[in-house]
Colleague: 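Encoded as structure tokens, here's the structure I'll be asking about.
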Amino acid sequence: MSDPAPPTGWEWLEVAVLSGDVLTPGSDARRHIFDFVRAERDGLMTRRLLSFITDRRAPVRRTILELLDQLSGHNSNWPLVADATGQTLSDVDPRVRRTAATLLVRTAEPDRVIAALNASTDPVVRITLADAMPWHKVPQRHAILQRLQSDPVPAIRLLANIAVLSNDASAAWPALDAVIRADLVACAGVLDAPGFRLRETAGQRWARALTDLDREEDCCAWAEQLMSSGERPEVRLEGVRMAVVAMRKWRHAPARVTPMLTSLLREEASGVRTAALRALAASLAASRLASDRNSVQRPASLRSAPRFCAAFDDVPCCLAGECAQVTLVRSRWLASPCLPRKVWLRVSLWPPVQASSSGSV
């Protein structure tokens with residue numbers, strides 16, 4: 001069975017690729033493509049798509065690789081696509097290389113991916129392969145991960161150390177936590193770059209591993225330690241992100257991390273302070289704790305400045321001035337069904353604080 005071209009030819013495909021419609025759910029072009037590929041996986045449509053991999057325009061190459069990744073679904077064996085993808089691992093565009101490496105993991109057998117990981121000298125490719133690899137499917141994964149734990153690339157070391165965290169080796173947790181912590185600074189802005197399977201920072205990945213092991217106390221303790229004033233800004237941001245993950249997972253985490261988060265609101269304007277505010281606003285429990293006047297007080301230097309960000313019981317206090325940009329995110333009726341006693345607000349700095357180089361929360 002072969003895939004006949006539409007009556008009007010293939011011009012529609014190039015137009016859809018250039019416009020990005022092939023990535024738009026529900027578009028006619030995308031629907032046609034999926035129908036053709038389902039009819040014959042290695043048919044004419046797939047081969048036409050693969051011809052765009054060598055296009056001179058990087059956005060086109062990225063679009064096609066992303067589309068092929070979506071077309072691959074959960075089937076990890078697509079040799080035709082894997083062969084073509086392997087040739088793009090040396091693309092001049094880093095985002096193309098990341099997307100290609102992710103697609104290679106999706107479409108090739110684990111042995112082939114490990115061979116590519118060992119053969120490549122490109123940190124971008126090697127990090128992406130290590131990140132996307134389903135390690136539970138890799139034969140002799142323990143020996144491979146043990147070798148990667150001493151890799152010269154910090155992000156690969158971090159990913160390998162996170163991958164070996166398990167309940168079967170709880171005695172190794174302190175040592176693994178220490179080496180993961182040591183690589184946080186070097187991994188800032190690396191693991192959440194465009195093209196990664198999961199655009200999560202190093203701290204978010206670490207926190208997710210801790211939640212998988214139900215290590216609530218350790219996750220909260222590390223979040224507090226990383227948020228301390230003596231740490232570098234990129235490390236403090238990771239602490240805030242770990243606190244967010246903890247509050248989403250554990251019922252009692254807000255009570256543990258909110259005091260530290262609210263203390264950040266008293267600092268000078270920075271990406272860390274903005275991240276702390278967003279973390280508090282994202283959790284109802286944390287918002288309630290932060291609304292306590294004993295927990296959140298405006299510093300003397302900012303008492304007349306409407307740019308101070310916090311959650312308060314006294315709503316007019318937040319709204320005073322024209323420079324405050326306020327978005328009501330939630331309210332609770334506590335004292336009366338008619339009048340709100342407390343209202344939780346998300347107040348963003350105005351003018352906005354410049355985003356940190358390590359990304360946003």
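Hydrogens, waters and symmetry mates play no part in the numbers below; they use all other heavy atoms, side chains included.
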Colleague: Considering residues at least two apart in sequence or located in another chain, which fulfil the side chain to side chain donor-acceptor pair (under 3.5 Å) criterion with R47?
Modeller: none
Colleague: Look up atom CG in D21 and atom CG in L67, then write down how far apart they are to the nearest 0.5 Å.
Modeller: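 Here the interatomic distance stands at 11.5 Å.
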Colleague: So, taking the atom named CD1 in I127 and the one named CD1 in I156, what distance separates them when rounded to the nearest 0.5 Å?
Modeller: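 I127 atom CD1 to I156 atom CD1 measures 5.5 Å (nearest 0.5 Å).
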Colleague: Only counting residues at least two apart or in another chain, list the ones meeting side chain to side chain donor-acceptor pair (under 3.5 Å) with E217.
Modeller: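 With neighbours one apart ignored, the set is R256.
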Colleague: First locate atom CZ of R48, then atom CD of E14, and finally report the distance between them rounded to the nearest 0.5 Å.
Modeller: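 That separation rounds to 9.0 Å.
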Colleague: Donor-acceptor pair, R98 side chain versus T128 backbone, under 3.5 Å?
Modeller: no
Colleague: For residues 141-149, please give each side-chain donor-acceptor pair under 3.5 Å, one per line with the distance, not counting sequence neighbours.
Modeller:
from, atom 1, to, atom 2, distance (Å)
R147, NH1, N118, OD1, 3.4
R147, NH2, N118, OD1, 3.0
Q149, NE2, N161, OD1, 2.6

Colleague: Go through T201 and L237 one step at a time and tell me if the side chain to side chain contact (heavy atoms under 4.5 Å, CB included) criterion holds.
Modeller: CA-CA 10 Å; T201 67; L237 280 172; over 6 Å; no
Colleague: Which residue, T121, L117, D131, forms the side-chain contact (heavy atoms from CB on, under 4.5 Å) with R126?
Modeller: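 Testing each of T121, L117, D131 against R126, the sole residue satisfying side-chain contact (heavy atoms from CB on, under 4.5 Å) is L117.
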Colleague: Tell me whether R106 forms a cation-pi arrangement with W78, defined as NZ or CZ under 6.0 Å from the six-membered ring centre and within 45 degrees of its axis.
Modeller: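 Judged by the rule, R106 and W78 form no cation-pi pair.
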Colleague: Would you give the length of the straight line joining atom OG1 of T107 to atom CG of D83, rounded to the nearest 0.5 angstrom?
Modeller: 8.5 Å
Colleague: Restricting to pairs with a member in residues 160-170, which pass salt bridge (charged side-chain N to carboxylate O under 4.0 Å, His left out), not counting sequence neighbours?
Modeller: none
Colleague: Show, in sequence, the C-alpha distance, side-chain angles and deciding distance for L226 and V240, and conclude whether the side chain to side chain contact (heavy atoms under 4.5 Å, CB included) test is met.
Modeller: CA-CA 8 Å; L226 297 179; V240 174; over 6 Å; no
Colleague: Would a distance-only check, ignoring hydrogens and angles, find a side-chain to backbone donor-acceptor pair under 3.5 Å from R236 to M227?
Modeller: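 Yes, because the side chain of R236 sits within donor-acceptor range (under 3.5 Å) of the backbone of M227.
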Colleague: Return each pair, listed once, that meets ring-ring contact (aromatic ring centres under 6.0 Å, His included) where at least one residue sits in residues 220-275; pairs must be two or more places apart or across chains.
Modeller: W206-W222
Colleague: Donor-acceptor pair, distance only, cut-off 3.5 Å: does the side chain of R97 make one with the backbone of D91?
Modeller: yes
Colleague: Does T211 reach the main-chain N or O of D214 with its side chain, forming a donor-acceptor pair under 3.5 Å?
Modeller: no
Colleague: Report the C-alpha distance between V245 and M242 in whole Å, list the side-chain angles of each, state the deciding distance to 0.1 Å, and finish with yes or no for side chain to side chain contact (heavy atoms under 4.5 Å, CB included).
Modeller: CA-CA 5 Å; V245 174; M242 293 185 73; 5.6 Å; no
Colleague: Side-chain donor-acceptor pair under 3.5 Å between Q70 and R30, yes or no?
Modeller: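 Looking only at side-chain atoms, R30 and Q70 do form a donor-acceptor pair, the distance falling under 3.5 Å.
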Colleague: Please answer whether the main-chain N or O of V96 pairs with a side-chain N or O of R62 as donor and acceptor at a distance below 3.5 Å.
Modeller: no
Colleague: Rounded to the nearest 0.5 Å, what separates atom CG in L13 from atom CH2 in W10?
Modeller: 6.5 Å
Colleague: Which residue pairs pass the ring-ring contact (aromatic ring centres under 6.0 Å, His included) test with at least one member in residues 45-72, sequence neighbours excluded?
Modeller: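 Pairs touching residues 45-72 that pass the test: none.
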Colleague: Output the distance between atom OG (S27) and atom NE2 (H32), rounded to the nearest 0.5 Å.
Modeller: 9.0 Å
